[in-house]
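See structure below.
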Amino acid sequence: MNRLDSRLSLAHFYVAFSAIIVAGFFGLLQTMVRSEMIVLPSYINYYQLLTAHGVLMALVFTTFFIFGFLHACVVKTVGDFSVGTRRTAWIGFYLMLIGTVLGVIMIVIGEATVLYTFYAPLQASPFFYIALALLVIGTYFAGAADIYQYNKWRKANKGQTSPLLAFMAVATLVLWIIATIGVVATVLFQFIPWSLGLVDTINVTLSRSLFWYFGHPLVYFWLLPAYMAWYVMIPKIIGGKIFSDSLARLAFLLFILFSIPVGFHHQLLEPGISHGWKFFQVVLTFAVIIPSLMTAFSLFATFEVRGRNLGAKGLFGWFNKLPWKDVRFFAPFMGMLMFIPAGAGGIINASNQMNQVIHNTIWVTGHFHLTIGTTVALTFFGVSYWLIPYLNGRVLTKRVNGLGIYQTVLWLVGMSIMSLAMHYSGLLGNPRRTQVTNYNGHSVAEGWGAYETAMAVGGTLLLISLILYFVVLIYSAFYAPKGQEEFPIGEVMDAKLKVPSFLENWKVWIGIAVVLILFAYTVPIIDMIQHSPPGSKGFKFW
Amino acid sequence: MHMHKLEKIWITIGIVTLIAFLSTVGIQAFTSDHHKPPSDLTVIDPEKVHETAPFDEPGLKELGDNKYELIIVLQSFGFTPNDIQIPQGAEVTIKVTSIDVVHGFQIPGTNVNMMVTPGHINSMTYTFDETGEFLILCNEYCGTGHHYMSAKLEVI
Ligand code: HEM
Ligand SMILES: [Cu+2]
Ligand SMILES: [Cu+2]
């Protein structure tokens, strides 16, 4: 990859890594406050800390990492950016950065203690909402650069199938663009005018629904780049082949279709939305199981075929043949493995009536520390171990590889302890987003304390892991020996199979997505507007 | 598009299981009111809660034959009323609303759990079969005193 585009990607990664190290430290503090080991100094509020943790992790770390990664994948497979395209991508980066800095300032000065979901009618400073808007609008510039590059390749290579990695990057962007319409709409048309005082009140249910129209596909926006690494990079790393190009594309398209018209499963316990529409979206939610099963099948087929080629015998003999000592494989693989319990938890969360038991308990927090905090994070760690030296013209050394495995294990153990404690005490009723949970020593809450302590133990291991990761990355980026690290891109097992062209007919797929969204949302949204109660004024309870 | 035979079997098993699962969830949810997640569609002016029935008189009301209605108003950072006694075996319809921001209404150890958004009334019915001390807590962040927002409920 050329130097200029490498620098672009790296800028994104550096912001992402700074965000995760700071937010990780906050995460540990949260566990210590909840378990009553420490009391925060009076100038820091717990919920301010939690807002920062949520924003920096869920919005900043993920978004910057992903755009750094997508730019690298696009440039690598469909060619260097032109000067203009690269400039567009940089404008995107700076808008995102300005948004991030402004948002963080608002949180630090106590003008936005509203948590990363910023539910109305808690009202932050208008600058906080403007910051969020800048972050998202920045991604549109970044995304435009990647999509433009992909289209340029397709025009120059008429009739050919695009590189799988570029296709997947574009699918991820299509999902992101459709999904963010919801959050952009609520921020621009509801939150900003309301916080500026241009309008007095806000329609709370509408704002929550627009948020969750975005909130669920957001998690697929985090997951799809991890799937890119699993589908395309892991096969190469283990010396195998991609099981099927067409099915991989189909899986990504199905994720676009089934991850958007489903936000009501986050609002199952909410008044003002009828049960029938909730259930309809629950059914659509579960449709993502189909591409998920396809993904699991392809990946394990790749592993098994590779193991057998290396002479593995018996039903599971191939398992031992995988390169367990290679962090580029080990970290993402452990992420995959943790996706099994994570997915099972997700099925419970979305199950209409079972949701009742866990909604807004710390079980939910345990759940997404497995999905995003483990599956996605470990995959991103695994990628950064080779991508950072690659972009800097250095190599992943043996020593770094060894430390990386150690770091992965620490993360796994830490997350397992923290997440298990969260899941279990959530079942006992322990609420999330709560500074202390002893409720004046009420007997019901007595049993939760031990789990809070376990979370702090897990959190400690996690922070140690994160510090190790950070140190190793700095070494890999600036001090490792110069050389050419590999950018692993797998080949397809059966290269003779043609990829059907309908898979790349974006108009059709986006059309289907829009139809599904209109179907799932039009009637309930019209209801929310027509049958709305008097709106809410803003409150600042911090 | 080529699909491996084993993959077809795998996906088919997946789809069949999914349909069975969703049918179970759907039948349970639509045949009994008790299994529906709370989805009350009644609206209310959040600034006139104290003047609007039934929230002008919060508390437990007997509706007849072991049936009760429990009316609770939520605000940062408390429940009104906040010390409640309920006779064992009572079937209680709980109605809640908020006068300010979004709150949660949860009774750990039971299935009672609902979101309370301003402008809306939410409700669900629960039968308290066992005696004991229960805790009502707010499980949605509502400001810096959120962790103080709780109430006592005793089943006697
Ligand atoms: C050092 C590692 C980490 C620790 C110790 C940690 C700890 C925690 C704790 C204790 C909470 C819940 C606090 C509460 O509800 O009262 C929390 C919430 C959260 N964490 Fe983490 N976490 C870590 C890493 C991550 C990562 C890697 C991500 C995602 C990339 C993440 C995303 C979130 C989000 C989105 C929330 C929800 C915030 C909210 O409820 O508003 N965390 N974390
Ligand atoms: Cu979701
Ligand atoms: Cu609260």
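What's counted below: heavy atoms across the whole structure, side chains too, no hydrogens, waters or symmetry copies. Naming: A, B, ... by sequence-line order, numbering from 1 per chain.
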Sort out for me which of [options] touches chain A most, counting heavy-atom pairs under 4.5 Å.
| options | result |
| --- | --- |
| B:Asp40, B:Val101, B:Leu41 | B:Val101 |
| B:Ser39, B:Gly26, B:Gly143, B:Pro108 | B:Ser39 |
| B:Pro46, B:Gly104, B:Gly14 | B:Pro46 |
| B:Val43, B:Asn122, B:Val116 | B:Asn122 |

Side chain, backbone, both or neither of [X] within contact of chain B (heavy atoms, under 4.5 Å):
| X | answer |
| --- | --- |
| A:Val436 | both |
| A:Lys278 | side chain |
| A:Val444 | side chain |
| A:Leu427 | neither |
| A:Ala120 | backbone |
| A:Phe243 | side chain |
| A:Thr205 | side chain |
| A:Trp277 | neither |
| A:Val499 | neither |
| A:Tyr439 | side chain |

Enter the distance from [X]:[atom1] to [Y]:[atom2] here, rounded to the nearest 0.5 Å.
| X | Y | atom1 | atom2 | answer |
| --- | --- | --- | --- | --- |
| B:Thr144 | A:Phe541 | OG1 | CZ | 9.5 Å |
| A:Phe286 | B:Leu18 | CZ | CG | 7.5 Å |
| B:His4 | A:Met493 | NE2 | CE | 9.5 Å |
| A:Met528 | B:His120 | CE | NE2 | 8.5 Å |
| B:Phe21 | A:Ile347 | CZ | CD1 | 6.5 Å |

Looking at [options], which one has more heavy-atom pairs under 4.5 Å with chain B than the rest?
| options | answer |
| --- | --- |
| A:Leu122, A:Asn45, A:Asn430 | A:Leu122 |
| A:Glu270, A:His275, A:Met354 | A:His275 |
| A:Leu247, A:Val357, A:Leu50 | A:Leu247 |
| A:Lys540, A:His359, A:Arg432, A:Gln267 | A:His359 |
| A:Gln123, A:His531, A:Arg208 | A:Arg208 |
| A:Asn355, A:Val283, A:Ile289 | A:Val283 |

Tell me whether [X] at atom [atom1] has more than 12 heavy atoms from other residues, nucleotides or ligands lying less than 6.0 Å away.
| X | atom1 | value |
| --- | --- | --- |
| B:Asp83 | CG | yes |
| B:Glu51 | CD | yes |
| B:Tyr68 | OH | yes |
| B:Lys95 | NZ | no |
| B:Lys61 | NZ | yes |
| B:Tyr148 | OH | no |

Open item on the list: Can you confirm whether B:Lys36 sits close enough to A:Asn352 that some side-chain heavy atom of one is under 4.5 Å from a side-chain heavy atom of the other?
Closed with: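 B:Lys36 does not reach A:Asn352 side chain to side chain.
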
Open item on the list: With a 4.5 Å cut-off on side-chain heavy atoms, are B:Asp45 and A:Pro533 touching?
Closed with: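 A:Pro533 does not reach B:Asp45 side chain to side chain.
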
TODO: Kindly say whether A:Gly429 contributes a backbone atom to a donor-acceptor pair with the side chain of B:Gln106 at under 3.5 angstrom?
DONE: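 Yes: the side chain of B:Gln106 pairs with the backbone of A:Gly429.
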
Task: Whether B:Glu7 side chain and A:Ser298 backbone form a donor-acceptor pair below 3.5 Å - done: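 Between the backbone of A:Ser298 and the side chain of B:Glu7 there is no qualifying donor-acceptor contact (under 3.5 Å).
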
What pair of heavy atoms forms the shortest contact from [X] to [Y], and how long is it?
| X | Y | value |
| --- | --- | --- |
| A:Pro431 | B:Asn139 | CB-CB, 4.0 Å |
| A:Thr113 | B:Tyr141 | O-OH, 2.7 Å |
| B:Leu22 | A:Phe279 | O-CZ, 4.0 Å |
| A:Asn360 | B:Glu140 | ND2-OE2, 3.3 Å |
| B:Trp10 | A:Leu293 | NE1-O, 2.8 Å |
| A:Pro121 | B:Asp100 | CG-O, 3.5 Å |

Heavy-atom distances under 4.5 Å only: say whether [X] touches chain A with side chain, backbone, both or neither.
| X | value |
| --- | --- |
| B:Ile99 | backbone |
| B:Met124 | side chain |
| B:Lys152 | side chain |
| B:Leu6 | both |

- [ ] Specify whether B:His146 and A:Tyr47 have parallel, tilted or perpendicular ring planes, treating 30° as the upper limit for parallel and 60° as the lower limit for perpendicular.
- [x]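 Geometry flag for A:Tyr47 against B:His146: perpendicular rings.
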
Task: Under 3.5 Å side-chain donor-acceptor pair for B:Ser150 and A:His442 - done: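 Result is no, nothing qualifies.
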
